[in-house]
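Here the structure is laid out as structure tokens; the discussion comes afterwards.
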Amino acid sequence: MDPDTNDVIGYIVPVFRTSHEFARGLVEVQEEVKEEGVGHVAMRNLFSLETSSLETSSMETITVEKKSRKRHIRESADRLELSKKVEERAEFRKKQNSDNLTHPPEFIVRPRGQTVWEGKTVKLHCTVSGWPKPRIAWYKNNVVIDEKVHPDKYTAESNYNMHSLEIKSCDFLDTAQYRVSALNIKGESSSVATVVIKSMFFSSQIMFLRLFYGFCSEHGVTFETAIIDSFEVAFGREGETLSLGCTVIVYPTIKRYQPDVLWYRNGKALAESKWVHTHWSGEKATLTLVHLNKEDEGLYTLRVNTKSGFQSYSAYVFVRDEEVELEGVPVAPLDVRCHDANKDYVVVTWKQPAVEGSSSILGYFIDRCEVGHHHWAQCNDTPVKYARFPVTGLIEGRSYTFRVRAINRAGVSRPSRASDPVTAIDPHDRARHRAGPSAPFTGMIKFTEEDATVGVVPGEPTDLVVTEATKNYVVLAWTPPTQRGHEGVVYLVEKCVAGSECWQRANTGMPVKSPRFALFDLAEGKSYNFRVRCCNSAGMSVASSATGDITVGDVLDLPAAPGPAVATRNTDTSVVVSWGASKDVKHLVGYYISYSVAGSDVWTPANNKPVKGTRFVCHGLNPGDSCVFRVKAVNAAGYSHSSLESEAVVVKAAIGKTLHNWVYSIPGVPSGVHLMEAARDYMVLAWREPAVTGGADIRGYFVDYRTVKGGVGGQWHELNPKAVTCTSYKAENLKENSFYQFQVRAINMAGVSEASLPNVALECKEWTIAKPGAPHGLHVLEVRDSSLVLLWEPPTFDGRTPVNGFYVDIKEAITGEDWKGVHEKATKLKYMKVNGLIAGRSYVFRVRAQNLAGVGKTSGVLGPVLALTMPGTHEIILDVDDDGVISMIFECSEMAEGSEFIWSKNYKTLTDTSRLTIVTEGGKSRAIFNDPSLEDLGIFSCEVTNTVGVSASYTLTEAGLKRLLDISHDHKFPIIPFKTQMAMELLEKGRVRFWTQVEKFTAGCHVDYVFNDVIVENGEKYQMNFDKNSGIIEMFMDSLAVTDEGTFTFNLVDGKAKGSTSLVLIGEEFRELQKKSEFEHAEWIRRQGPHFVDYLGFQVTPECNVLLKATLSKKDAGVYEVKLKDARGKDKSMFNLTEAGTETPLLCSRTTYVTVKSTEHGIVLYSLITHHMEELQVGWQHKEAKISHSDRVQCGVTGEQLWLKVNEPTEKDKGKYTINICDGKDGVKRFCDLSGQDRARVVGGLPDVVTIQEGKSLNLTGNVWGDPAPEVTWMKNDRELVSDERYALKFEHGKFASITIAAVTTTDSGKYALLVKNKYGTEAGEFTVSVYIPEEEKKKE
């Protein structure tokens, strides 16, 4: 506990001490018990006659000291006098240093104990002061009295600040201790009075026992307390409600006796408030935290007090931040408090939050709200960096609450919890407000007499000092003058730049009534002098003494970074973190701890309320995660730099506990100690691993030796003080021709095994044999039903020539079975995969080495090994992620304590990280290829330590690598596929439609519409539409202008995937389209009114008559008049063209036969009509069935053309098509048979992208289809290619079109296309060729 702030230092359970003093009677010798405890709360003892609980400074154990009665009385009197002085001094300081008008309840008059006879009435009185007005409750032996339930027995009254309890018709059972409790928002106070009811039927001794021993007939009852069903470490979120509870059992059970149940947070007792509610049901103790805030985070303790002692239980409560409304903004500050309140001034402090957001906190805004109102006003226009701010401009006598908001580049945080109310009032006046009730409500009238000093000029202020100085503000404080009268004074603050005598008023717009003032808007880095004057109606005082040069700048420095964080495993969900304290830090607020899963770089706060000390338990972690931790310090100036990160620690229970039903023990005994090589002064030994590893990997071996003389062994000596990790050892400095014995012990994390059996005595002399010695270190990996991998180490003795190969022998582990060779030719490798095993059978193995002299000794026998795939066995999986990163993944579901993934290439442990990056998370390990190439070919294996042979391997071949690289390229550079490339068509009114259709896309696909490399937006000129149900993208233009000549492009972005399709309209093609569009638009306008279907013309008949004729539409019916006029005169003729006149022969009979036209997207069937009327009805049929409109099949009318479009025709689209034309009275049909017709298509064989090295040959073949056989054309960058010496173009069997480029160069890079065409359609298969130079690629790297 910090003595200044009462904050908890670290996460430490409070240690409470108990008092066991018990009254033994009125004797001259008494026992006084002394004790010490953190946050000790004195208990009220209902059973003892007289108790005392005094704190000592050093004794934790109970000390008994015998004293005489005379000495005890003298010391008691001294203590009473000292206690009285301490209480008076505390009351005086409380009144002088209080910071607000509200204050806890105080008993002015306490209730007095009474003794009466049975049948009488007892009335207890008390007077209580406090603001807000306290709430009064009466208790009998700690049980609340409800006068409404027993109105005939109790009457409670409260008038002004006087309270009373009347007990009517008292009987012997009313003998008890009566407690009155007064409670308001500032705290609680209580007083006890004893009521004794005398009875003629009971002796005074019985009455004494009933009074002081809780109605227990025994004198020495002892209570036993147990707390069960306790609450665990709890997690809540801001704004939620959290309840903590425990079941409390007190034995023996005494009627009407209840223990004291107290709750603490960080060692400080909790009182009832709007945020905290406690409940005691007699068995269940519950604490409810309403609307959690970060201030509620801490260590919560339940303490149950009885006369025999106490029991307590503690657990931590973590409060997480509420979700932010805008991503990246900081979370709310906490612990807002008010200090140094005066008439118009108060200092607001707070603590910085644990999370700053996406960027550092720029500062804080302070808001204030007047009590009784709901409007919050911002106190500062510019954010302040310090967590401390002086608020000025308050109105005297009014109460305020404050809150704080943090701001960074992303925005402003939520406000903090509001502070407790504080009243703007002179501190000297607070004592008078707290002294007691005043008129008119209490009946007290105070008279004051005006002092004769009114009209006197006040004296000068004194003791002017700078209490705070930052780069944002400077706070001045001074002592008011003693001579100032009773009318009140105001202060004038003046400043001047250091080195000058030009004084300026600093508070021109704001009168200062408090002896405190904050100056803002000072130039940072400059020095100033300050002084103060005092004035009233009589005049102005002389100026105070100047402060001297004060430089504007931050006085408080940021704290230094804490020492490196050290993380230690604790439980399956918690880790203990310790660190070094920040050095030379001033006004330390505490530390924030954060953690991150190794490799993620996402940091999460472990605590949201700063803690002091250098140790903290981080709870709520995910079991199995590998986490790193860091710590940063904080004071009012801000945050320190983070400490060095801890080493990664796996979130698991500490060593020595059972994890996943796995208990660690020392390993078994090694076996098979034998000689591998001998010389004059050394011997090489080998042995087999223990059959039982104890659940953990063998970390090494210790070898002992002794000399043997005459068959008698000497004393054992240690050969290697440091454990060797292999199963062989070279014993040096031996004596030639001496005999030795050796024994071996294994070691793991649990300890050292027993020693192995010693070998037979071996003579130290030089070997002269020509053949090699025996291989050693045999072990197996990747045991499966039908195979395993055997590994070994070469012999230490090569013979006369080096070892040039090995032979592996195998046999079943049954009696009588002969050894068989696994292979015929010797292998130079030190491993071999043995196949052909039978599941469920056991095998043994041995290895022999050979050199030029022959095959040497056999190794020790390995086995038996059971050929069986264990349940849960995983293999190595190849993976290519969305970024194209190639990796190998191996999982293990049987991870034990200390288990690690060991990756190897060709069964040699990987130490070079330039080719592979290993990332391990929990039970999964990933080996990532940094730059996949032919150098990475080989066998990759992974073994998990501290397991029973969990391992696997994968062989990476050249073909497999090429396949992975192709997949990686597709993932790195994904392309959005199109069903059809961009096309254009002319619609009615001369509108132009650009469209395409996408094959695969997601809901997040976005389209940019581009014209001549400029993105165009939806508006009057362009209308865009993207139908995500069908994948059709459209853009419409009402007309084409001269400036619309160019390239139209649709750019698609769907996550990482991209796609683009373009259409070029330039030159004659654009001008022809523009003319058609203008013509169609003009025709549509002409047809809106009366119009000629055929323009006026003439015809000469055989009789030489000239006929003028024109075709009119049906809507042109009416009376027409022709007038002729020239110089000779005029004439007119009228013609009645009514409905009857328009009944000409069937107009729709003037239609052409159906014509078929192929396009790059499909086929178009159309018929031309002489003139088209709105009354005309047109219908299309396929195989006598009506055709419905869809995205693939569309029909319509353009000008005088009736058309049907079929996109991407299939076999189902073959057959007879019919068009029905009807004008309401008559009709006509036209037919077209498409049986046996198939448009040209590219059906496959071509890639999207080809990447090839310069100098290589490129050969591509595309599969085409069409009936009749299509014409084939190859294009490069929209230019046709011809077959020559460089390009070999072939078309075989009407189905296969190929292109061959010999010795490609960088000029061959570009966009290629295979164009196929027949009379039913045209299609192009496009692909891109990229030629690279290896030397340039290496330079880029």
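The structure presented is a predicted model; accordingly, all values stated were derived computationally and were not measured.
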How about [X] and [Y]: does a side-chain donor come under 3.5 Å of a side-chain acceptor?
X	Y	value
H163	S158	yes
H339	T349	yes
R516	N342	no
E106	S189	no
S399	T423	yes
S314	T301	yes
T155	E147	no

- Task: Assign the ring pair H291 / W275 to parallel, tilted or perpendicular, where the plane angle (0 to 90°) is split at 30° and 60°.
- Result: tilted

- Message: For S360, give me all partners under side chain to side chain contact (heavy atoms under 4.5 Å, CB included), at least two apart in sequence or on another chain.
- Response: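 S360 satisfies side chain to side chain contact (heavy atoms under 4.5 Å, CB included) with E356 once adjacent residues are dropped.
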
Side-chain donor-acceptor pairs of residues 318-331 under 3.5 Å, sequence neighbours excluded:
unit_1: D321; atom_1: OD1; unit_2: K294; atom_2: NZ; d: 3.0

Any side-chain heavy-atom pair of [X] and [Y] under 4.5 Å:
X	Y	value
K513	V489	no
C618	I593	yes
T547	V465	no

- salt bridge (Lys or Arg N to Asp or Glu O under 4.0 Å) partners for R368, two or more places apart: none

- Query: Is the distance between the ring centroids of Y595 and W603 less than 6.0 Å?
  - Reply: no

- What about the rings of F616 and Y592, do their centers lie closer together than 6.0 Å? no

- Task: State whether Y639 and K632 meet the cation-pi test: NZ (Lys) or CZ (Arg) under 6.0 Å from the six-membered ring centroid, and within 45° of the perpendicular axis.
- Result: yes

